[in-house]
There are 2 protein chains.
Amino acid sequence: MADGAKTPDAPVDLGALGESLGFLLRLAQLRAFEGFFEAMGDHDVRPGEVSVLMLIARNPGLRQGVLARHLSIKRAHMAKMVAQMERSGWIDRRVPDDDRRAVELSLTEAGRKYLSQVQPAFDTHEADAARPLSPQDEATLKRLLKRYLSLPNGKDPT
Amino acid sequence: MADGAKTPDAPVDLGALGESLGFLLRLAQLRAFEGFFEAMGDHDVRPGEVSVLMLIARNPGLRQGVLARHLSIKRAHMAKMVAQMERSGWIDRRVPDDDRRAVELSLTEAGRKYLSQVQPAFDTHEADAARPLSPQDEATLKRLLKRYLSLPNGKDPT
DNA sequence: CGCAATTAGTTTCCTAGTAGACAAATTCTG
DNA sequence: CAGAATTTGTCTACTAGGAAACTAATTGCG
């Protein structure tokens, strides 16, 4: 019953791995996603879906490829996600007249409603996603990650 | 929203996503792995394999499950990786007498040689893995990631 | 001791994600 | 304009990774 899963842990020497940025980032991402699923438990939703919904909500008419590029999701995968989410009735696909190769995405009414149900849980999760870190450390970490990614840092979208 | 925010170069508003720790970590990890593959180009090797080789090299006789836990790789997946790497002749699996369920891992001579070929490329990669960041920023980022992960820091035990 | 519970690893089946070929629409070039 | 090159999204096939059931060995408890 005690699901603490206490494990006989011999000390393991990580060597240079323990200083590897890629390794640390991988562990950190796994940890963060763990927190996401824990916080979202009730809603059966994945991080990628939330990000897609949020971006379409903020940028109606966004093209699939542009969405994929900004989320670092491959086009092929985005096609599947979008097809699934259209089937779920959350998003609408429209082929614009000025470029009939493209697909412009927008949220359906159901999609907006669904997002509004999920968003609070997501926001709550975000609020303490960095739990072991102090607010200052959290801010510094995010700032450095954005710098590493060459993303604009400010919250002012001028 | 009849206005078209749909041009390929149009600025995309990330909204709260741009401040999401999980999202930033995911992008950062993808970026880091990109750098890994770029640096390793010649060697056909994956990050997980390098980490497994490095940990076994440092901790001969390490058990599969312990290895998996420290690398945050699921046991099922580790079983497959280890089977593959044994087939490649890099690692040796030994069932200890005191617990015949367990498997103790060690590098073969070929494994040591292979690692010694891969390690320099990995070290070079690590040396400028955080390229857009200053050395101070890189150190801070790693320190904060370790703190986030509740890992010992090695230099600055706060 | 004998039997239940636990642990280590494996196997099977499934989902997420990628690579690369592809088709259609558009743009570029002479 | 015709035809090449590029862009946009999709399709097929493949790999990585995970959940859960399973086997075998060990431990715990009467």
Side-chain angles (χ1 to χ4, degrees), chain A residues 1-10 22 26-27 29-31 33-34 36-37 41 44-52 61-88 91-105, chain B residues 4 6-10 22 26-27 29-30 33-34 36-37 44-52 61-88 91-105:
Chain A
M1 297 313 162
D3 56 351
K6 209 67 193 96
T7 37
D9 239 341
R26 176 175 168 275
L27 293 188
Q29 201 219 309
L30 291 176
R31 163 73 60 93
F33 275 32
E34 223 172 84
F36 174 90
F37 285 113
D44 180 20
V45 67
R46 272 150 289 284
E49 292 173 346
V50 174
S51 64
V52 165
L62 193 63
R63 289 186 184 183
Q64 243 179 250
V66 178
L67 177 59
R69 190 168 355 107
H70 283 267
L71 293 177
S72 289
I73 292 174
K74 291 288 176 291
R75 284 197 172 109
H77 189 210
M78 184 59 76
K80 293 182 201 172
M81 284 187 65
V82 158
Q84 175 56 52
M85 294 174 79
E86 185 185 33
R87 240 173 277 132
S88 298
I91 70 179
D92 203 57
R93 293 158 43 89
R94 190 173 68 90
V95 173
D97 286 338
D98 62 322
D99 188 344
R100 296 204 309 284
R101 298 168 301 181
V103 174
E104 294 179 355
L105 305 173
Chain B
K6 49 203 172 199
T7 352
D9 299 341
R26 175 175 168 277
L27 293 188
Q29 201 220 309
L30 290 176
F33 275 33
E34 223 172 87
F36 173 90
F37 285 113
D44 180 20
V45 66
R46 272 149 290 284
E49 292 172 346
V50 173
S51 65
V52 164
L62 192 62
R63 289 185 183 186
Q64 244 178 249
V66 177
L67 176 60
R69 190 165 354 103
H70 282 267
L71 293 177
S72 289
I73 293 174
K74 291 289 177 290
R75 283 194 170 102
H77 189 211
M78 184 59 77
K80 295 178 201 173
M81 283 186 66
V82 157
Q84 175 56 51
M85 294 175 79
E86 186 186 32
R87 242 173 277 131
S88 298
I91 69 178
D92 203 56
R93 294 158 42 89
R94 191 173 67 91
V95 174
D97 286 340
D98 63 322
D99 187 344
R100 296 203 311 284
R101 298 169 300 181
V103 175
E104 293 179 353
L105 304 174

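Note that the structure is predicted; figures quoted are calculated from it, not measured. All values below were derived from every heavy atom in this structure, side-chain atoms included, with hydrogens, water molecules and symmetry-related copies excluded. Numbers restart at 1 for each chain; the letters A, B, ... are given by sequence-line order, proteins then strands.
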Pairs under 3.5 Å (N/O, protein and nucleotides 18-24 of chain D):
unit_1	atom_1	unit_2	atom_2	d
D/dG18	O6	B/K80	NZ	2.3

Who pairs with B/R94 by salt bridge (charged side-chain N to carboxylate O under 4.0 Å, His left out), at least two apart in sequence or on another chain?
B/E104
For B/D44, check salt bridge (charged side-chain N to carboxylate O under 4.0 Å, His left out) against everything at least two apart and list the hits.
B/R46
Are [X] and [N] close enough that a side-chain N or O sits under 4.0 Å from OP1 or OP2?
| X | N | answer |
| --- | --- | --- |
| B/Q64 | C/dT10 | yes |
| A/R46 | C/dA16 | yes |
| A/R63 | D/dG9 | no |
| A/R93 | D/dT10 | yes |
| A/R75 | D/dT10 | no |

Spacing of [X] atom [atom1] relative to [N] atom [atom2], expressed in whole Å:
| X | N | atom1 | atom2 | result |
| --- | --- | --- | --- | --- |
| B/D97 | D/dA25 | CG | C1' | 13 Å |
| B/Q29 | C/dA16 | CD | P | 18 Å |
| A/L62 | D/dG9 | CG | C1' | 14 Å |
| A/M85 | C/dA16 | CE | P | 13 Å |
| A/R100 | D/dT7 | CZ | C1' | 15 Å |
| A/F33 | C/dA16 | CZ | P | 13 Å |
| B/R87 | C/dT10 | CZ | P | 11 Å |
| A/F37 | C/dT15 | CZ | P | 14 Å |

Do the rings of A/F33 and A/F36 sit parallel, tilted or perpendicular, given the 30° and 60° boundaries?
tilted
Those residues that, when tested against A/S72, pass side chain to side chain donor-acceptor pair (under 3.5 Å) (two or more places apart)
none
Only counting residues at least two apart or in another chain, list the ones meeting side chain to side chain donor-acceptor pair (under 3.5 Å) with A/E49.
none
Do the non-hydrogen side-chain atoms of A/I73 and B/R26 ever get within less than 4.5 Å of each other?
yes
Those residues that, when tested against A/E34, pass side-chain contact (heavy atoms from CB on, under 4.5 Å) (two or more places apart)
none
5' precedence on DNA chain C between A/M81 and B/G65 (nearest-nucleotide basis):
B/G65
